[in-house]
K.L.:
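There's a structure below that I have some questions on.
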Amino acid sequence: MRYLPITGADRSEMLRAIGAPSVDALFSDVPEDALLAGPVDLPHHAGEFEVEQRLSRLAGRNRAAGAGPFFCGAGSYRHHIPASVDYLIQRGEFLTSYTPYQPEIAQGTLQYLFEFQTQVCLLTGMEVANASMYDGATAAAEAVMMANRVTRRSKAVVSGNLHPHYRDTAATLARFQGFALEAGPPAPAGGEDLASRIDGDTSCVVVQYPDLFGNIRDFSELAEAAHAKGALLVVVVTEIVALGALRPPGGMGADIVAAEGQSLGNAMSFGGPHLGLFAARTRHMRQMPGRLCGETVDADGRRGYVLTLATREQHIRRERATSNICTNSGLCSLAFTIHLTLLGETGLKRLAALNHAGAVSLADRLGDRVVTPHFFNEFTVRLDGDAADAVERLAGGGVLAGVPVSRLHPGAGLDDLLLVAVTETAGADDIDALAEALQ
Amino acid sequence: MTGNSHDTVSGDLGLSIEEPLIFEQDSPGAVGVDWPEAEAGADRLGGLARSGPVGLPSLAEPTVVRHYTRLSQKNYGIDTGLFPLGSCTMKHNPRLNERMARLPGFADIHPLQPESTVQGALALCREVQRWLSVLTGMPGVALTPGAGAHGELCGMMAIRAALDAGGEASADRRRVLVPDSAHGTNPATAAALGFEVVSIPEDERGRVDPGRFEALAGEGGVAAVMLTNPNTCGVFENDIRRIADAVHEAGGYFYCDGANFNAIVGRVRPGDLGVDAMHINLHKTFSTPHGGGGPGSGPVVFSEALAPYAPVPRIVEEDGVLRLEEANGRAFGRMKAFHGQMGMFVRALAYMMSHGADGLRQVSGDAVLNANYLLRRLEDVYSAPFAHSGPAMHEALFDDRALRDTGVSTLDIAKAMIDEGLHPMTVYFPLVVHGAMLVEPTETETRASLDRFIAIMRGLAERAKSGAPLTEAPFHAPRRRLDETQAARKPVLRWQGARE
């Protein structure tokens, strides 16, 4: 077997050194009837070519986004990933390293995390960011729990326009942790009144920017209303490229930003792995979940980086930790930071502008069918019939037209609504094709 | 350092090159990606356009490639050498798996495309479920948890849901028994879900004492036990059946932390031991890369009793067509957005198919062989507290008794290993052993690599006893020891420099 270097001769000599008659004898502590006599009922080992062939066949049964016009979004976006991103993250020293617990030989990981945290702060307009989380939905759930800790309250008011998977992820935790999560009904055209739902028990208000339907709005007043009642404002972002064009949530008074970072550097990959971004205010730093990388010096006085404030974390605090979280999304955060470094100030702004221009051009073509008054690169379209049927029909013709709202809000009476995302990967021809198909 | 005839003008030394932050390499006007300017037109941003700069630095592609290449050279990976971190299973990461995960049919598909256009992806998920189910002997497989600790959360939520569904006094059933040797995530998970953590001390064999466990379980109110097996003392809990029976008799469930599944994969099915739920770290046993701290993937396998409570989405088959089921009466909820770590499923399946049932059996056999070999070749110089409790499993545990009176600590040995070109083992864990050193070589090391490790470890023990200055090490790494106290006391978590 090509990955297993111990030879038969090695094995005999090693067993002699150990003083055991066989490898099987090393399992003598396992209850005898639980020890399998031979291999389980699964195929035997296979060569590289054979594995490649079989998996390629499975991959071939999926329609890749690059095969035709593509407009799906709703939390996972298709952006172009520069070739150097994928090359750099596959360097073995990054790919095959562990969590940087031995900082002297992990400065590569630690320095990029420090740069990553700074970039996340700049994008979101926040003061402090962690080293990433599993995904946007889990980051949002952690944000609610952090708001509960900070305010010592236990009721979250949640926008009906928060991505339902995010809402459900937080609601699942709420159910077991015993806090309340009050989610409103979806409001495709925006304009929800959330301020009136905040009271003295509210730990936080959770909004999405742009929201599920693509709406964008200024949350400054909502932030004031929340703060006046002692609650925090949590802003969720599922399309991080939007912050290249839009005012950052930090400037609107957000206390915590929980975002999905997949759009930069990471393939859609059927929804995972993605990476959660998590940013907050310095005064709440010690209540943050997840890993934090900080600057320090070594014994020779040279600048270096370490994981820090670990006293919040499970491996130190055990049952008193701020979160049970252990892993971050290391390699995905590396891809994110490399892509953003390549883009830089100019590249990010151009990329964001191209996304918006594409979306505007499609929206102009669709006219009154567009439900969303203001948006970044994604908006909602009202069709004459069932959106899921239309998507299925168009997929047959090679166009992946978007995400029907019924896929995320089944049975909510929104079956004629379609979410359409236009990134820089959609060309003018693609936009024409979709506009014609939806007319 | 000054005055040495080997000093360099720059301060850099050969391949060891200092690398400033990207923010210190800002070159306004440079760009690393060529996007055209969008055609001018009316925006529909409703007055929310960002004003002013984001503050990102500008660098051209060659600068960026060099930056991250130099950073990578300050890292140690499995590709560099032996990485014996106990409980982390740092094994070889085959590049075939990377190639497979990047096939456009897997990487370039959207989670909410019509199901008719992703039948291959759903079939792949089902295939991963089948392998995990057969290997563990457990009928239910939840794929969505994003990492091991997330899998623990998933398993314990299913247990809570099952207890709640049972009705009768579920609220009084909140005690979770956790051995002191457990990973910190176990008590943190239990506490996060409102359970009361009751710790179980290890006995002198490095195991849970079954009599003591039965007594604790008999005190009532037991929701579950969370047990790692093989445990973090490096031995198999040989009373596991008694423990399982006791927790079941007490009306609770058996959660197994599957972090150490690599020791038994292909030889022992946790389902045969009375386990009700177990997470599997795909990034450990099934070799998806650790990537400097994730992304992980932590599918959970469930017994018949718990399977109905598994989270959504689930993959179901109707008339030969696969689809995602988003609602199910007894499902406890949702773990994260979409359907799980697809990119990790592809890699893990490539790994499982490459090894096959026969190869996976060899994986656990060689992993255990290698650990026992290290244990027997080092136990005369490093004290091994449980070396006589039976064979080690895939990890060899040492403590710092042998270093007593040398002035050298476990940490010093770890840092000295860095100078020798080794990544240190796990240190000071498990907490139940003083100055613990937990060594997990994995099955992908050669005999020569193990012998080199043994020679270095024996040499370091000798040096410690002869008073060598190990307390200063490392000297030859990109950095000397870092001041962690300063980092925590005055946290600097982002670049502070001003932009012109």
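Here the structure is a predicted model, which means the values were calculated and not measured. Note on naming: letters A, B, ... go to the chains in the order of the sequence lines (proteins, then strands), and numbering restarts at 1 for each one.
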K.L.:
Is the CZ atom of B:Arg99 crowded by more than 12 outside heavy atoms at less than 6.0 Å?
P.N.:
no
K.L.:
Just so I know, are the side chains of A:Pro31 and B:Phe236 near enough to count as touching, which here means a heavy-atom distance under 4.5 Å?
P.N.:
yes
K.L.:
When you measure from the centre of the six-membered ring of A:Phe27, is the NZ or CZ of B:Arg267 closer than 6.0 Å and no more than 45° off the axis?
P.N.:
yes
K.L.:
For B:Ser72 and A:Arg91, test the side chains for any donor-to-acceptor distance below 3.5 angstrom and give the result as yes or no.
P.N.:
yes
K.L.:
Distance alone, cut at 3.5 Å: any donor-acceptor contact between the side chains of A:Thr96 and B:Asn93?
P.N.:
no
K.L.:
Side chains of B:Leu71 and A:Glu115, heavy atoms from C-beta outward: is any pair under 4.5 Å?
P.N.:
yes
K.L.:
Is the ring pair B:Phe338/A:His163 parallel, tilted or perpendicular, if the boundaries are 30 and 60 degrees?
P.N.:
perpendicular
K.L.:
Mind telling me whether B:Phe332 and A:Phe176 have parallel, tilted or perpendicular rings, with 30° and 60° as the class edges?
P.N.:
perpendicular
K.L.:
Identify which part of A:Cys293 has an atom lying under 4.5 Å from any heavy atom of chain B, answering side chain, backbone, both or neither.
P.N.:
backbone
K.L.:
Can you say whether A:Val306 sits under 4.5 Å from chain B via the side chain, the backbone, both, or neither, judging by heavy atoms?
P.N.:
side chain
K.L.:
Can you confirm whether B:Leu135 sits close enough to A:Val40 that some side-chain heavy atom of one is under 4.5 Å from a side-chain heavy atom of the other?
P.N.:
yes
K.L.:
Taking the ring centre of each residue, are B:His110 and A:Phe270 less than 6.0 Å apart?
P.N.:
no
K.L.:
What residue, out of B:Thr185, B:Leu493, B:Asp483, B:Ile418, has the most heavy-atom pairs lying under 4.5 Å from chain A?
P.N.:
B:Leu493
K.L.:
Which atoms of A:Ala395 are under 4.5 Å from chain B, going by heavy atoms: the side chain, the backbone, both sets, or neither?
P.N.:
side chain
K.L.:
Between A:Thr341 and B:Tyr68, do the side chains contain a donor N or O and an acceptor N or O under 3.5 Å apart?
P.N.:
yes
K.L.:
Is any side-chain heavy atom of A:His356 less than 4.5 Å from a side-chain heavy atom of B:Leu45?
P.N.:
yes
K.L.:
In terms of side-chain heavy atoms, does B:Ser116 have a donor or acceptor partner in A:Arg63 at a distance below 3.5 Å?
P.N.:
no
